[in-house]
Amino acid sequence: MTLPTDSERFSRALQSAILWPIGIIFLTALLLLLFTFELFQVVKLSDHSYRVLAETRTCENLIISSQDDVRGYLLTGDPDFVKTYDDNRGQIDERFAQLKALVQKNPEQVIRVEALIQAKDTWFEHAKTMVSHRSQDITVNADWVRMGKTMTDDILSKFEKINDIEVAQRDTRLYRIGKMKQALAYGGGGLVILLALTIAHVVRKQMMVLAASYRTALDTIEQRHSALARSEADLEEQKEWLRVTLTSIGDGVIVTDPSGRVLLMNHESERLTGWSNVEALHQQLSTVLRIVDEKTRLPVESPAARVMSEKKVAGPAKRSLLLSRTGEVRPIEDTTAPICDAKGNTLGLVMVFHDATDKRLA
């Protein structure tokens, strides 16, 4: 039996001192490389989930904005709402296409997004019809409005379903990230721990940035929703204030649109003309307010056309009589004034009149 020499023992010791650590480091580095590659794949998928959620929120916000534009136009007839609605239309199609591209590798989400796009297109066709009717002064049927609300509720529910699934996928991926970090922590030595902490720091930093972006997007949407809610509340408050004010005026008051069609009458004007506010709605002013000359009993030219063209206040005509719908005849005095916005555009006119019987007899 040959005993190992000192040089052989030194050689084996040297080999053990060098080769084993190198082998362990190599295997550890390889394992770390595989874990790192897999970890970044999961991080990439998690980042993709955040992108899908952000894109979904953007699409949802645009739909809500378009719905508010349609509602604003139906309520006020302001063409600025239609302009904003048209500007958003092309952007909405583009963002929905981007959303579909983001979920292309998830067949179930693709089906849901396609159903969402179909529901969106159906609602836009419905909204187009309502906007067209409103632009032609055709009264929008309440059932159509409710139908549009049902459609938008369905769209929002589809958004919620897509978000729930994407959040679940994101949480699963985040859970996998945590497990992989734990495996790295328990499976290696000091180098592995150091590298694992470095990766954990990078992942944590990326997640914080994404989470901050996500929270910012949510805060922006919430602020916009709150602003819209306040705007609607202010509009309703102004409408109620105007209604109460007009009702409280002792003279008859009639408000028309630019074409001379009646939009609003107070109680005194209803009493003097014999027309109710509901019956007179969208009727021509000359039909509701029949004014004749006291002597000739011939119709007096309505001041509406002159007021709309000259944009000036028209004073009372001399010796005018009002022929009520109920057959009563009263002498009246009236004043007509244009309603203009800040840019000088004529939005309609307001006519104020009162019974002048006592004054004529005096």
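Predicted model only: the values in this text are computed from it and were never measured.
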Show the numbers, then the answer: is there a side-chain hydrogen bond (donor to acceptor under 3.5 Å, both in side chains) between N266 and S269? CA-CA 6 Å; N266 69 346; S269 65; 3.0 Å; yes

If I take atom CG from residue L102 and atom CD from residue Q98, how far apart are they, to the nearest 0.5 angstrom? 7.5 Å

Least distance between heavy atoms, P258 atom then L347 atom: CD-O, 3.0 Å

Is the count of non-hydrogen atoms from other residues, nucleotides or ligands lying under 6.0 Å from R271 atom CZ greater than 12? yes

Measuring from atom CG of D251 to atom CE of M351, what distance do you get when rounded to the nearest 0.5 angstrom? 12.0 Å

Does any non-hydrogen side-chain atom of K312 lie less than 4.5 Å from one of V307? no

State whether D93 and K120 are salt-bridged, where the test is any N-O pair (Lys NZ or Arg NE/NH1/NH2 against Asp/Glu carboxylate O) under 4.0 Å. yes

Quick check: do R330 and E328 have side-chain heavy atoms less than 4.5 Å from each other? yes

Can a salt bridge be assigned to the pair R71 and D68 using a cut-off of 4.0 Å between side-chain N and carboxylate O? yes

How close do Y73 and D78 get, heavy atom to heavy atom, and via which atoms? CD1-O, 3.2 Å

Quick one: does L99's side chain get under 4.5 Å of T56's, heavy atoms only? yes

Donor-acceptor pair, S65 side chain versus L62 backbone, under 3.5 Å? no

Within-4.5 Å side-chain heavy-atom neighbours: F81 and L75: no

If two hydrophobic side chains count as joined below 4.5 Å and joins carry through other members, does V300 share a cluster with L289? yes

Whether the side chain of T346 engages the backbone of G348 through a donor-acceptor N/O pair (distance < 3.5 Å, no angle test) should be reported. no

With distance as the sole criterion, is a donor-acceptor pair present between the side chains of T58 and E55 under 3.5 Å? no

Could you walk me through whether V167 and L53 pass the side chain to side chain contact (heavy atoms under 4.5 Å, CB included) check? CA-CA 8 Å; V167 168; L53 289 170; 3.9 Å; yes

Do Q67 and T152 have side-chain N/O donor and acceptor atoms under 3.5 Å apart? yes

Here the gap from H354 atom NE2 to E268 atom CD, rounded to the nearest 0.5 Å, amounts to 10.5 Å

Apply side-chain hydrogen bond (donor to acceptor under 3.5 Å, both in side chains) to E166 and S49, showing your working. CA-CA 6 Å; E166 202 64 41; S49 293; 3.2 Å; yes

Over all atoms of both residues, closest heavy-atom pair of K311 and G344: NZ-O, 3.1 Å

Donor-acceptor side-chain pairing of S132 and Q136 below 3.5 angstrom: yes

In short, L281 meets L263 closest at the heavy-atom pair CD1-O, 3.5 Å

Parallel, tilted or perpendicular: which one describes the rings of F124 and Y85, with boundaries at 30° and 60°? tilted

From C59 SG over to I162 CD1, what is the distance, rounded to the nearest 0.5 angstrom? 9.0 Å

Tell me, with the steps shown, if T129 and E125 meet side chain to side chain contact (heavy atoms under 4.5 Å, CB included). CA-CA 6 Å; T129 301; E125 288 297 324; 5.8 Å; no

Taking V110 as the starting point, is it possible to reach V52 by hopping between hydrophobic residues whose side chains are less than 4.5 Å apart? yes

So which heavy atom on S66 is nearest to which on I92, and how close? OG-CD1, 3.1 Å

Between D293 and R297, is the closest basic N to carboxylate O distance under 4.0 Å? no

State plainly whether one hydrophobic cluster holds both V70 and I64, where clusters connect Ile, Leu, Val, Met, Phe, Trp and Tyr through side-chain heavy atoms under 4.5 angstrom apart. yes

Answer yes or no: does atom CD of E279 have more than 12 heavy-atom neighbours from other residues, nucleotides or ligands under 6.0 Å? yes

Answer yes if L116 and L156 sit in the same cluster of Ile, Leu, Val, Met, Phe, Trp and Tyr residues linked by side chain heavy atoms under 4.5 Å apart, and no otherwise. yes

Salt bridge or not for R57 and E60, using N-O below 4.0 Å? yes

Would you please test T287 and Q284 for side-chain hydrogen bond (donor to acceptor under 3.5 Å, both in side chains) and show each step? CA-CA 5 Å; T287 302; Q284 284 293 334; over 6 Å; no

Distance (rounded to the nearest 0.5 Å) between R290 CZ and L321 CG: 12.0 Å

Side chain to side chain contact (heavy atoms under 4.5 Å, CB included), that's the test. Do L285 and L349 meet it? Break it down for me. CA-CA 10 Å; L285 177 63; L349 60 84; 4.2 Å; yes

Smallest separation among heavy atoms of A356 and E333, with atom names: CB-CG, 3.9 Å

Are F96 and I111 linked, directly or through other ILVMFWY residues, by side chains that come within less than 4.5 angstrom of each other? no

Are there over 12 heavy-atom neighbours, none belonging to Q118, within less than 6.0 Å of that residue's CD? no

Crowding at CZ, R89 (>12 non-hydrogen neighbours, <6.0 Å): yes

With side chain to side chain contact (heavy atoms under 4.5 Å, CB included) as the criterion, how do V292 and L298 come out once you've worked through the C-alpha distance, each side chain's angles and the decisive distance to 0.1 Å? CA-CA 5 Å; V292 298; L298 295 176; over 6 Å; no

Heavy atoms, side chains only, cut-off 4.5 Å: are T336 and F353 in contact? no

Output for pair (T273 OG1, I254 CD1), nearest 0.5 Å, gives 5.5 Å

Checking N277 side chain against M265 main chain: does a donor-acceptor pair fall under 3.5 Å? yes

Does any part of the side chain of D334, heavy atoms only, come nearer than 4.5 Å to the side chain of V352, both counted from C-beta? no

Donor on one side chain, acceptor on other, S276 and E270, under 3.5 Å: no

When you compare the side chain of V255 with that of I339, does any pair of heavy atoms fall below 4.5 Å? yes

For a 4.5 angstrom cut-off between non-hydrogen side-chain atoms, does T357 reach P331? yes

